[in-house]
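Encoded as structure tokens, the structure appears first; notes follow it.
Along the sequence shown, residues carry numbers from 1.
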Amino acid sequence: MLEWRVFKEAERPAEMAEAHQTRVQKVVEEMVQSLEKDHIRKMQGRMFRCSADCCDRPSDSMTQVHQCIERCHTPLAQAQGLVTSELEKFQDRLTRCTIHCNDKAKDLFDSGSKEPAIRSLMDRCVGSCVDDHINLVPSMTRRLKENLDSIQQ
């Protein structure tokens with residue numbers, strides 16, 4: 001259903017430490033699983049029950065039944081779009097932060113610094129990006145829950 005990755009392989013900075021990626025991915029996946037269990041799954045149940053009710057209308061035309069089913073699917077589609085959009089914004093911000101780290105590392109390299117210093121800077125910088133973004137997850141979760149609760153059923 002909803003899946004999230006910190007970086008698509010092509011976007012992933014070469015120096016991005018696996019431990020940092022795993023850490024942020026774990027936190028975000030826990031948030032997505034919580035939203036799915038507490039909100040999305042309930043919406044899916046309502047959607048299927050609503051769709052089944054549409055099919056139990058023998059006097060409706062095929063078009064009317066189809067339109068009824070589409071109306072049943074709308075809240076879930078809105079919810080999935082909302083979560084996807086929020087995760088994309090989060091990923092974009094994290095990507096921009098790590099790109100900034102790459103730029104700093106390149107500047108350090110261009111100034112003649114040695115590889116260990118550059119790797120150290122990159123690790124600290126990316127670690128700071130990850131920490132900052134992990135700290136954003138609770139407010140993002142709260143915002144998503146509020147928005148999911150406000151979707152008309």
Between [atom1] of [X] and [atom2] of [Y], what distance do you get to the nearest 0.5 Å?
| X | Y | atom1 | atom2 | answer |
| --- | --- | --- | --- | --- |
| Asp131 | Arg23 | CG | CZ | 4.5 Å |
| Asn135 | Met140 | CG | CE | 12.0 Å |
| Lys89 | Leu136 | NZ | CG | 13.0 Å |
| Gln44 | Lys42 | CD | NZ | 12.5 Å |
| Gln80 | Thr84 | CD | OG1 | 7.0 Å |
| Glu30 | Leu35 | CD | CG | 12.0 Å |

Any side-chain heavy-atom pair from [X] and [Y] closer than 4.5 angstrom?
| X | Y | result |
| --- | --- | --- |
| Glu146 | Arg142 | yes |
| Lys114 | Ile118 | no |
| Met31 | Val27 | no |
| Ser111 | Leu108 | yes |
| Asp123 | His20 | yes |
| Ile40 | Leu148 | yes |
| Leu87 | Val32 | yes |
| Gln78 | Leu82 | no |

| note | Heavy atoms of His133 and Phe90 approach each other most closely as O-CE1, 3.2 Å

| note | Looking only at heavy atoms, the pair that brings Val83 and Leu144 closest together is CA-CD2, 3.9 Å

| task | Decide whether Leu121 and Leu94 are clustered together by the hydrophobic rule: side chain heavy atoms of Ile, Leu, Val, Met, Phe, Trp, Tyr closer than 4.5 Å, transitively. | result | no

| message | Under 4.5 Å between side-chain heavy atoms, counting indirect links through other Ile/Leu/Val/Met/Phe/Trp/Tyr residues: same cluster for Leu76 and Ile69 or not? | response | no

| field | Ser85 side-chain N/O to Gly81 backbone N/O, donor-acceptor pair under 3.5 Å | value | no

| Polar side-chain atom of Thr98 near backbone of Cys101 as donor-acceptor pair, under 3.5 Å | no

| message | What I want to find out is whether Arg119 reaches Glu115 closely enough, with some N-O distance under 4.0 Å, to be called a salt bridge. | response | yes

| query | Should Met43 and Ile151 be marked as a side-chain contact (heavy atoms from CB on, under 4.5 Å) after you check the CA-CA gap, both sets of side-chain angles, and the distance that decides it? | reply | CA-CA 10 Å; Met43 295 177 92; Ile151 292 175; 4.0 Å; yes

| message | For Arg124 and Ser120: C-alpha separation, side-chain torsions, deciding distance, then whether side chain to side chain donor-acceptor pair (under 3.5 Å) applies. | response | CA-CA 6 Å; Arg124 284 190 320 274; Ser120 176; 2.5 Å; yes

| Does a sphere of radius 6.0 Å around CZ in Arg46 hold more than 12 heavy atoms from other residues, nucleotides or ligands, not counting ones at 6.0 Å or beyond? | yes

| message | For His66, I'd like to know if atom NE2 has over 12 heavy atoms of other residues, nucleotides or ligands within 6.0 Å. | response | no

Please table the atom pairs, donor to acceptor, closer than 3.5 Å between any side-chain atom in residues 48-60 and protein atoms at least two apart or in another chain.
unit_1	atom_1	unit_2	atom_2	d
Arg49	NH1	Gly45	O	3.4
Ser51	OG	Met47	O	2.9

| Test disulfide (SG to SG under 2.5 Å) applied to Cys97 and Cys129, step by step | CA-CA 6 Å; Cys97 188; Cys129 289; 2.0 Å; yes

